[in-house]
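Given the structure is predicted, the values throughout are model-derived calculations rather than measurements.
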Amino acid sequence: MRNTCLFAICLFLTFACQERKEHIAPAIYPRDSVAMMVSYGVNTLISDSGVIKYRIVTERWEVNQNRNPSRWIFDKGLFLEQFDQKFHLQSYVQCDTAYYYDTNRLWELRGRVRVLTKDGLKYRGEQLYWDENKHELYSHVYSTVITPERELQGSYFRSNEQMTKYYVSNSKGAFEKGDFEGGNDTLRTAPDTMKMQLRPQPLPQRKNTSIPLMHK
């Protein structure tokens with residue numbers, strides 16, 4: 001009887017061990033996630049072809065070439081200054097998060113994006129792309145552009161790299177009555193020597209209106 005009980009216990013333990021399953025997570029390979037460089041408290045100058053073009057100030061800078069596409073990651077905010085060839089300040093950019101795709105030379109700025117140019121133009125939005133190859137900036141989200149003379153708001157923004165020529169669609173803003181020439185659809189040349197042209201449509205002469213416009 002005792003031998004029978006021992007045999008039954010051994011048989012039960014054997015089946016219990018065979019049915020036990022181990023819960024193991026999929027393997028994580030270093031090449032999938034490990035960054036090539038992570039720096040903290042960064043304040044540095046960046047050059048291109050031997051010419052200093054940018055100053056980067058950030059709390060955390062990660063360079064990850066293992067991701068596709070490879071990128072720089074600034075997930076703790078970014079303050080970026082841009083210089084001309086004579087090291088004169090052209091503009092500054094500030095945002096909560098930034099990605100720089102070094103293969104395509106494309107910046108993606110996110111969260112409370114703020115831009116200020118040397119001409120006093122201010123840009124505000126939640127997302128902005130900066131294509132260094134095409135020398136242009138663009139955004140597909142609601143944005144605000146403020147110049148010393150007027151303020152524009154729209155759902156689409158595109159401009160050259162210096163923000164001296166820009167386009168805002170589905171826009172609205174505040175304009176001076178003297179901007180309009182005799183009731184037609186052309187704005188007078190602004191004091192900053194840049195002309196803004198409206199799409200053809202009848203418009204009342206008033207300070208506040210909602211219109212798509214092109215800045216040349």
Co-membership, hydrophobic cluster, residues Ile46 and Val63, 4.5 Å side-chain
yes
Output all residues satisfying ring pair (Phe, Tyr, Trp, His ring centres under 6.0 Å) with Tyr99, sequence neighbours left out; order by chain, then residue number.
none
Going by heavy atoms in the side chains, are Met163 and Leu137 under 4.5 Å from each other?
yes
If you look at every heavy atom in Gly120 and Pro148, which pair is closest and at what distance?
O-CD, 4.1 Å
Can you name the residues that form a side chain to side chain contact (heavy atoms under 4.5 Å, CB included) with Asp84, not counting sequence neighbours?
Lys86, His88, Gln90
Output all residues satisfying salt bridge (Lys or Arg N to Asp or Glu O under 4.0 Å) with Glu126, sequence neighbours left out; order by chain, then residue number.
none
Please name all residues satisfying side chain to side chain donor-acceptor pair (under 3.5 Å) with Ser159, sequence neighbours left out, ordered by chain then number.
none
Treat each ILVMFWY residue as a node, draw an edge where side-chain heavy atoms are under 4.5 Å apart, and state whether Trp130 and Val141 are in one component.
no
Decide side-chain contact (heavy atoms from CB on, under 4.5 Å) for Lys122 and Thr144; before the verdict, give the C-alpha distance in whole Å, the side-chain angles of both, and the deciding distance to 0.1 Å.
CA-CA 8 Å; Lys122 300 177 183 178; Thr144 301; over 6 Å; no
Connected to Val38, directly or through other members, by ILVMFWY side-chain contacts below 4.5 Å are Tyr40
Tell me whether Ile73 shares a hydrophobic cluster with Leu106, the cluster being built from Ile, Leu, Val, Met, Phe, Trp, Tyr side chains joined at under 4.5 Å.
yes
Within 6.0 angstrom of Arg105 CZ, more than 12 heavy atoms from elsewhere
yes
Taking side chain to side chain donor-acceptor pair (under 3.5 Å) as the test, write out the residues that go with Asn104, two or more places apart.
none
Of all residues at least two apart in sequence or in a different chain, which pass the side chain to side chain contact (heavy atoms under 4.5 Å, CB included) check with Glu136?
Asp131, Lys134, Tyr138, Arg158
Asp96 side chain near Arg110 side chain, heavy-atom distance below 4.5 Å
no
Got a sec, which residues hit side chain to side chain contact (heavy atoms under 4.5 Å, CB included) with Asn160, two or more places apart in sequence or on another chain?
Gln162, Thr164, Lys165
Go through the steps to decide whether Phe74 and Trp107 satisfy the test side-chain contact (heavy atoms from CB on, under 4.5 Å), and finish with yes or no.
CA-CA 11 Å; Phe74 306 89; Trp107 287 91; 3.7 Å; yes
Let me see the working for Tyr156 and Val168 under side-chain contact (heavy atoms from CB on, under 4.5 Å), right down to the final yes or no.
CA-CA 6 Å; Tyr156 176 76; Val168 182; over 6 Å; no
How close do Ser139 and Gln127 get, heavy atom to heavy atom, and via which atoms?
OG-O, 2.6 Å
Are side-chain N/O atoms of Thr97 and Asp75 paired as donor and acceptor at under 3.5 Å?
no
Determine all donor-acceptor pairs shorter than 3.5 Å in which one atom belongs to a side chain in residues 50-58; sequence neighbours excluded.
unit_1: Tyr54; atom_1: OH; unit_2: Glu132; atom_2: OE2; d: 2.9
unit_1: Arg55; atom_1: NE; unit_2: Glu81; atom_2: OE1; d: 3.0
unit_1: Thr58; atom_1: OG1; unit_2: Arg60; atom_2: N; d: 3.4
unit_1: Thr58; atom_1: OG1; unit_2: Arg60; atom_2: O; d: 3.2
unit_1: Thr58; atom_1: OG1; unit_2: Gly77; atom_2: O; d: 2.6

Residue pair Met37 / Trp61, side-chain heavy-atom distance below 4.5 Å:
yes
Could I get the full list of side chain to side chain donor-acceptor pair (under 3.5 Å) partners for Arg71, not counting sequence neighbours?
none
Partner residues of Val113 under the side chain to side chain contact (heavy atoms under 4.5 Å, CB included) criterion, sequence neighbours left out
Cys95, Leu109, Val115, Tyr123, Leu128
With Ser91 as partner, the option from Glu161, Gln82, Lys118 fulfilling side-chain hydrogen bond (donor to acceptor under 3.5 Å, both in side chains) is Gln82
What's the separation between atom CZ in Phe157 and atom OH in Tyr142, rounded to the nearest 0.5 Å?
14.0 Å
Quick one, Val145 and Leu121 - any side-chain contact, counting heavy atoms below 4.5 Å?
yes
Test of understanding: with side chain to side chain donor-acceptor pair (under 3.5 Å), list the residues that count as partners of Tyr92, not counting sequence neighbours.
none
Check: Val42 main-chain N/O paired with Ser39 side-chain donor or acceptor under 3.5 Å
no
Does Leu78 reach the side chain of Tyr100, with side-chain heavy atoms less than 4.5 Å apart?
no
Side-chain heavy atoms under 4.5 angstrom apart, residues restricted to Ile, Leu, Val, Met, Phe, Trp, Tyr: same cluster for Met36 and Trp72?
yes
